[in-house]
Amino acid sequence: MNKPQLRGDYSRAALDYSVEQDWAAYTSEEHALYRRLFERQSKLVPRYACPEWIAAIAGLDAALQIPDFDQVSKKLKARTGWQIVAVPGLIPDDAFFTHLANRRFPVTVWLRKPEEFDYIVEPDVFHDFFGHVPLLFDPVYADHLYEYGKGGLKAMRLDAVKMLARLYWYTIEFGLMKTDSGIRAYGAGLLSSGGELAYCVDNSRPHRLAFAVERIMRTEYRIDRYQDSYFVIDSFDQLMRETAPDFTPIYARLRGLAPFAADAA
Ligand code: PHE
Ligand code: CO
């Protein structure tokens, strides 16, 4: 559910938490700040981002100003059936899962303040767009996220959202991928981070563990610092394949087991 003190304006949101993007209301200062964020990350992604992300960003024309969601949705819809839906910020689990299960990705409308250039607690339009949207152009990733949304609604019925949320955290937000040119990031929290994008690949301190659904579901995480552990997939095909089985018996089994600390090896 919502964390306390969310800063978005929820007063105009529809029942599904969608809002108008109101693109014309962004100021030139906001577009300039977005452009600076984009420039900084652009220097890092050729070396650290997964090939699927790099292939998609080129076609998005998103470097110079905050993108118009409707324009991007048209391209996205033609490619993988996904659309962007504008939201005021974090939204409740049921609304979030329902959007994903209908191939709609919620993107926050507001941009961080200049003093939050390096670090922001809540997701803003830069994190949501730059980190998440390009990968929705990859058909396998796109199908996987759709399955995740349906799985989220099911996890709510089974009281297992906490376990499924760890999977989201260690894949969609902080996932690494093995490629021919070495370890690369596909997690949105990494792709949009000025510091952690290089850290997650180059630094020798964090653990880089092989992707394993049950291990991830038992692993705690920290939201206020670079990750202690990353999980590495071989491909989006592997991610799709290994998350396809019915999680119902897994949830039942894991419920009684003690979690692993975020930095457990
Ligand atoms: N297979 C999962 C289930 O049965 C659903 C899911 C798919 C979850 C893909 C995450 C990713 O609950
Ligand atoms: Co995110």
Side-chain angles (χ1 to χ4, degrees), residues 2-3 6 8 37 41 49 53 82 84-91 93-112 119-136 138-175 185-193 196-197 200 211-218 221 223-224 227 231 233 235-255:
N2 288 345
K3 310 245 169 14
L6 291 173
L37 287 160
Q41 292 314 98
W53 187 95
W82 278 77
I84 294 172
V85 54
V87 290
L90 293 170
I91 63 175
D93 290 338
D94 58 339
F96 181 67
F97 294 141
T98 300
H99 281 305
L100 299 186
N102 288 280
R103 295 187 182 264
R104 295 189 298 258
F105 193 82
V107 175
T108 301
V109 288
W110 53 265
L111 183 67
R112 68 193 68 186
Y119 181 78
I120 180 160
V121 186
E122 287 173 63
D124 71 338
V125 60
F126 182 73
H127 163 79
D128 281 341
F129 191 91
F130 189 91
H132 289 283
V133 171
L135 286 172
L136 294 170
D138 181 82
V140 179
Y141 180 97
D143 283 350
H144 164 262
L145 199 55
Y146 163 74
E147 295 297 333
Y148 180 93
K150 290 194 293 179
L153 294 169
K154 181 166 119 189
M156 289 184 74
R157 296 192 294 272
L158 297 171
D159 192 23
V161 170
K162 189 170 175 179
M163 285 183 262
L164 193 67
R166 288 178 179 149
L167 186 62
Y168 191 90
W169 186 264
Y170 283 117
T171 57
I172 304 301
E173 293 294 352
F174 290 95
Y186 72 92
L190 300 170
L191 291 162
S192 66
S193 167
E196 194 167 359
L197 183 50
C200 69
F211 178 80
V213 166
E214 297 193 21
R215 168 63 202 250
I216 290 175
M217 285 185 181
R218 286 179 65 185
Y221 59 83
I223 64 164
D224 57 346
Q227 299 302 300
F231 290 87
I233 60 171
S235 64
F236 289 139
D237 282 318
Q238 182 202 18
L239 181 60
M240 186 72 169
R241 197 170 56 243
E242 296 196 16
T243 54
D246 182 2
F247 285 177
T248 309
I250 301 178
Y251 294 147
R253 185 151 28 87
L254 297 190
R255 207 177 291 283

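Whatever order the structure lists them in is the order used to number ligands and atoms, beginning at 1.
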Hey, does Thr243 have a side-chain heavy atom less than 4.5 Å from the side chain of Phe211? yes

Looking at His144 versus Phe236, is the centre-to-centre ring distance below 6.0 Å? no

Considering only N, O or S atoms, which atom of Glu173 is nearest to the Co ion (ligand 2)? OE2

Under 4.5 Å between any side-chain heavy atoms of Val125 and Val107, yes or no? yes

Between Asp143 and Trp82, is there a side-chain heavy-atom distance shorter than 4.5 Å? no

Looking only at N, O or S atoms in His127, which is nearest to the Co ion (ligand 2)? NE2

Tell me if the aromatic rings of Trp169 and Phe231 count as close, with their centers under 6.0 Å from one another. no

Is the distance from the ring center of Phe174 to that of Tyr221 below 6.0 Å? no

I'd like the contact residues of ligand 1, where contact means a heavy atom below 4.0 Å. His144, Glu147, Tyr148, Gly151, Lys154, Leu164, Leu167, Thr243, Ala244, Pro245, Asp246, Phe247

Nearest 0.5 Å, please: how far is CD in Glu242 from CD1 in Ile233? 9.5 Å

